[in-house]
Amino acid sequence: SSSPSSSSTTEDEEESSEESSESATAEPEVEYKTEKRVHRFPLRVSKGAADIQFYDASLRVVSKALLSRLTRHDEQKQQIAAVKNALESFIYFARGQLYEEDVEQVSTDEQREELTQALSEAEDWLYEQEDDEVKKFTDKRAALDALWDPIAFRRTELVERPKAINTTRALLNMTRAAERKIAADMPWVKEESRKTLLTMVEGVEEWLADKLKEQEGKALTETPAVTSTEIQRKLGPITTYTQELLKTKKPKESKKKKKKKGKKKGKKKGKKKGKKDNDEESEQSEESVEQEEEEEESNNVKVEVDEQTEEEQGEEQGDDKVKQEQAETDEERGEDDPYDSADNKDEL
């Protein structure tokens, strides 16, 4: 029997002997290198006539018809997508507005329940439809608008009608003040025109009082007796007529033209100081002035001509006197000059 220590040593010796034998028999590692190789294959090319059809006028017509049909189809798809999106957005919007405080004031419970049910049905219907036409989506939107628009209109008038009433009353008061100012500062405006303006103001005040009294007998959930648009439309004629009266100009006073006496030569008459009431008299006065100016100019021309002729005559007379004096001096020299005789000339 061998001890356990001796058996373990023998096992270790066997393992070491096996490892040494494996290391002796192990082959060396091989290194591989990649090389590029070019593979060439011959291509066979053959020539032949292509089957191309000539594009004549008939094919052009067919092509245009096809393109137009495709264009209409694309446009229809875009319209359908836009209408569907608008319908879906309206459903969510109206559903969110139904239970707002101002909407509850102008609508009854029955009206809100009817609209809520219509919105739910329209939403279910929308997701079941195919994109084949536009009309069915627009018809569904019109049916929902018929239920929502009256409620939305009453809600808008709940805010806008009091504003229009206050604006109207303020403008009517301003119009009365403008009438008093015209009477005080613009006496050339006729009294009938001012009375007409006051009559217009009183008519609008009476109409507004009757409409407000009728509106008090109606509930907010009913159709209004008067709208803000109708009230504002009543103010237009009053505003226009008031502006016309305020822009009325003061008439100018007529002044007669005065003739100037003692005119100087070469100067024209001054500017006119006023318009004539009678056109014929103004024309006659202008013609008389022009005639006077022409006569003065002709007299001036005559005076200048006379002065010129007198100067010329004086010059001619002076020339004659000079000539006469020169002749007399020549005669005196002829008598006294000793060199005029023939004998004297020969001696010279």
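In this chain, residues are counted from 1 in sequence order. What you see is a predicted model, and the numbers here were worked out from it, not measured in a lab. Atoms considered below: every heavy atom in the structure, side chains included; atoms not considered: hydrogens, waters and symmetry mates.
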May I have the step-by-step check of side-chain contact (heavy atoms from CB on, under 4.5 Å) for E88 and K84, ending in yes or no?
CA-CA 6 Å; E88 186 178 12; K84 286 182 67 176; over 6 Å; no
Could you give the distance from [atom1] ([X]) to [atom2] ([Y]), rounded to the nearest 0.5 Å?
X	Y	atom1	atom2	answer
T168	Q232	OG1	CD	7.0 Å
T167	L235	OG1	CG	8.0 Å
E130	I80	CD	CD1	10.5 Å
T229	E157	OG1	CD	6.0 Å
D139	L87	CG	CG	11.0 Å
E244	L246	CD	CG	10.5 Å

Decide side-chain contact (heavy atoms from CB on, under 4.5 Å) for T175 and Y241; before the verdict, give the C-alpha distance in whole Å, the side-chain angles of both, and the deciding distance to 0.1 Å.
CA-CA 10 Å; T175 305; Y241 192 68; over 6 Å; no
Those residues that, when tested against W125, pass ring-ring contact (aromatic ring centres under 6.0 Å, His included) (two or more places apart)
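W125 satisfies ring-ring contact (aromatic ring centres under 6.0 Å, His included) with F137 once adjacent residues are dropped.
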Is it the case that the side chain of Q76 and the backbone of D132 share a donor-acceptor pair, with hydrogens and angles ignored and the cut-off at 3.5 Å?
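It does hold such a pair.
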Using modelled atom types only, decide if a donor and an acceptor are shared between the side chain of S68 and the backbone of A65 within a distance under 3.5 Å.
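Side chain of S68 to backbone of A65, a donor-acceptor pair under 3.5 Å: yes, one is there.
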For a quick test of reading the model, state the closest non-hydrogen atom pair linking [X] to [Y] and the distance between them.
X	Y	value
V226	R161	O-CD, 3.3 Å
V106	R154	O-NE, 2.8 Å
L144	A122	CD1-CB, 3.9 Å
T221	S107	CG2-N, 3.5 Å
T242	I238	OG1-O, 2.7 Å
E179	L197	CB-CD2, 4.3 Å

What orientation do F93 and F90 show, parallel under 30°, tilted 30 to 60°, or perpendicular over 60°?
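Tilted: the ring planes of F93 and F90 meet at 30° to 60°.
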Residues sharing Y127's hydrophobic cluster, by side-chain heavy-atom contacts under 4.5 Å among ILVMFWY, directly or via others?
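The other cluster members (ILVMFWY side chains, heavy atoms under 4.5 Å, direct or chained) are Y92.
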Quick one: does [X]'s side chain get under 4.5 Å of [Y]'s, heavy atoms only?
X	Y	result
R180	R176	yes
E113	Q117	no
K234	L208	no
L98	L119	yes
P224	K218	no

Membership question, hydrophobic clusters at under 4.5 Å side-chain separation (ILVMFWY): are [Y] and [X] in the same one?
X	Y	answer
I91	Y99	yes
M186	V201	yes
L212	V204	no
L245	W188	yes
I231	L158	no

Show your reasoning for whether salt bridge (Lys or Arg N to Asp or Glu O under 4.0 Å) applies to E191 and K195.
CA-CA 6 Å; E191 184 179 0; K195 288 183 179 180; 3.7 Å; yes
Before accepting this row, confirm whether a basic side-chain N of the pair E123/R95 lies closer than 4.0 Å to the acidic partner's carboxylate O.
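Looking at E123 and R95, the cut-off is met.
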Please determine if D109 and R112 form a salt bridge, counting it only when a charged side-chain N lies under 4.0 Å from a carboxylate O.
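Salt bridge flag = yes for R112 with D109.
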Using a cut-off of 6.0 Å, state whether more than 12 heavy atoms not belonging to K136 lie near its atom NZ.
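Yes - once you tally the heavy atoms of other residues, nucleotides and ligands closer than 6.0 Å, there are more than 12.
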NZ/K181: more than 12 non-hydrogen atoms of other groups inside 6.0 Å
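No, the 6.0 Å shell around NZ holds no more than 12 heavy atoms from other groups.
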Holding to salt bridge (charged side-chain N to carboxylate O under 4.0 Å, His left out), I want the full list of residues that pass it with D210, two or more places apart in sequence or in another chain.
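Result, salt bridge (charged side-chain N to carboxylate O under 4.0 Å, His left out) vs D210: none returned.
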Sole candidate of E160, Q97, Q105 that passes side-chain hydrogen bond (donor to acceptor under 3.5 Å, both in side chains) when paired with R155
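When E160, Q97, Q105 are each tested with R155, the side-chain hydrogen bond (donor to acceptor under 3.5 Å, both in side chains) holds only for Q97.
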Is there a side-chain contact (heavy atoms from CB on, under 4.5 Å) between K77 and D131 once you walk through the steps?
CA-CA 7 Å; K77 288 182 66 176; D131 299 342; over 6 Å; no
